[in-house]
Structure formats: C-alpha cells, structure tokens
Amino acid sequence: MPTAARLVAATCLLVIGFLVSSMIMANGEEGKSYGYFPVVNMALGVACGWTVMGKRAGRGWTAAVNNGLTGVASLVFWGLFVQGTYEMVRQAMRNRFEGPFEAILAIFEIGVGFAEQLWASEIILTLVIGAVVSGIMTEIAARRWN
C-alpha cells in the first residue's frame with residue numbers, strides 16, 4: 001500500500017544513493033567509465049526505502065533513527081551485491097573463472113573490494129548523517145500524513 005512514509009523513505013535513499021555514488025566516482029580511478037553505476041544505486045535506494053524503511057515508519061523517534069540506519073545498511077549491502085554480481089558477470093564473459101563455484105565466490109570478493117572504497121571518511125559521514133535524517137523524515141511523514 002503506497003503511503004507518504006514509503007515515498008519519503010524512497011526519495012531519501014534515492015538521494016543518498018546518488019550522493020554516495022558521486023563520491024565514489026570522484027574518489028575512483030581517473031578515466032574509468034562507471035556506466036549505469038549511479039542509476040542502479042539510485043534504483044536500489046528507491047527499492048530499499050520503499051520496502052525496508054517505509055513499512056517500519058511510525059514507531060517512535062528512536063525506532064526512526066534505527067530504521068534509517070537499517071535502510072542505509074540494506075542499501076549498502078544490496079549495492080555491493082548487485083555491483084559485485086555485475087562485475088563477476090563481466091569478468092565471466094572474458095573467461096576469468098575456472099568454474100561456476102569460483103564465479104560465485106568472486107561476487108563476494110569483488111564486493112569486499114568495492115566496500116574498501118566506502119571507507120573514506122566523507123562517505124561514511126554521508127551514510128550516517130543520511131541514515132539519521134532519512135529515518136527522522138520518514139517518521140515525520142508517517143505521523144503527519146497518516
């Protein structure tokens with residue numbers, strides 16, 4: 001059921017996905033083509049905001065902050081998983097793996113490699129502040145338009 005809280009949560013995580021993607025691209029390798037990287041992360045932000053944060057809104061202020069942290073954690077997890085899977089498929093098309101099990105393990109190895117890029121202080125600060133603000137704004141929307 002569409003609610004204002006789901007819409008606000010989806011919008012907030014869309015913005016976080018865009019900001020963090022832009023920061024990763026700015027801190028990344030010179031001349032590297034990122035393709036649909038920000039668009040995919042923004043779509044994941046909408047999906048995580050709608051399904052994870054939106055349905056948990058309206059339970060109080062402490063729960064709102066926890067809701068924001070949970071939503072951003074799920075965005076980071078799914079972002080690393082989807083981007084790692086995409087990179088694994090790209091490498092598999094170039095016959096980089098001996099078999100399917102090695103390819104599946106590579107998803108997590110590649111994801112850990114991508115997670116190392118998130119350890120920049122400005123990215124962590126953006127994720128934490130964005131999580132708290134997203135949770136509070138989702139809670140406000142749930143209380144106001146319920």
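- Residues A142 and A5 approach most closely at CB-CB, 3.9 Å, considering heavy atoms.
- Summarising the geometry, atom CZ belonging to F37 is positioned 4.0 Å from atom CD1 belonging to I24; distances are rounded to the nearest 0.5 Å.
- Residue pairs that meet the side chain to side chain donor-acceptor pair (under 3.5 Å) test with at least one member in residues 37-58, sequence neighbours left out, are S21-N41, N41-Q83.
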Without placing hydrogens or testing angles, list every side-chain donor-acceptor pair under 3.5 Å for residues 59-82, not counting sequence neighbours.
| from | atom 1 | to | atom 2 | distance (Å) |
| --- | --- | --- | --- | --- |
| N66 | ND2 | T62 | O | 3.4 |
| N67 | ND2 | M53 | O | 3.0 |
| T70 | OG1 | N66 | O | 2.8 |
| S74 | OG | T70 | O | 3.4 |
| S74 | OG | G71 | O | 2.7 |

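- Heavy atoms from other residues, nucleotides or ligands lying under 6.0 Å from CZ of F18 number 12 at most.
- Considering every non-hydrogen atom in both A57 and T138, the closest pair reads CB-CG2, 3.6 Å.
- Nearest heavy atoms, R96 versus Q91: CG-O, 3.1 Å.
- Distance check, rounded to the nearest 0.5 Å: SG of C48 to CG of L14 gives 11.5 Å.
- Criterion: ILVMFWY side-chain heavy atoms under 4.5 Å apart, direct or through other members. Under it, Y34 and M23 are part of a common hydrophobic cluster.
- Here the closest non-hydrogen pair linking G45 and L13 is O-CB, 3.1 Å.
- By the 6.0 Å contact criterion, CE on M42 is enclosed, its count of non-hydrogen atoms from other residues, nucleotides or ligands being greater than 12.
- Interatomic distance, CG of L127 versus CD1 of I16, reported as 7.0 Å (0.5 Å rounding).
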Side-chain polar contacts of residues 103-125 - donor-acceptor pairs under 3.5 angstrom, sequence neighbours left out - could you list them?
| from | atom 1 | to | atom 2 | distance (Å) |
| --- | --- | --- | --- | --- |
| E122 | OE2 | N27 | ND2 | 2.9 |

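- Hydrophobic cluster membership is shared by V89 and F97, with clusters built from Ile, Leu, Val, Met, Phe, Trp and Tyr side chains linked at under 4.5 angstrom.
- Linking ILVMFWY side-chain heavy atoms closer than 4.5 Å, directly or via other members, places M25 and V15 in two distinct hydrophobic clusters.
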Practice task
Take V40 and Y86 through the side-chain contact (heavy atoms from CB on, under 4.5 Å) test and state the conclusion after the steps.
Solution key: CA-CA 11 Å; V40 170; Y86 172 76; over 6 Å; no
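- Contact record, G35 with P38: O-CD, 3.9 Å, taken as the closest heavy-atom pair.
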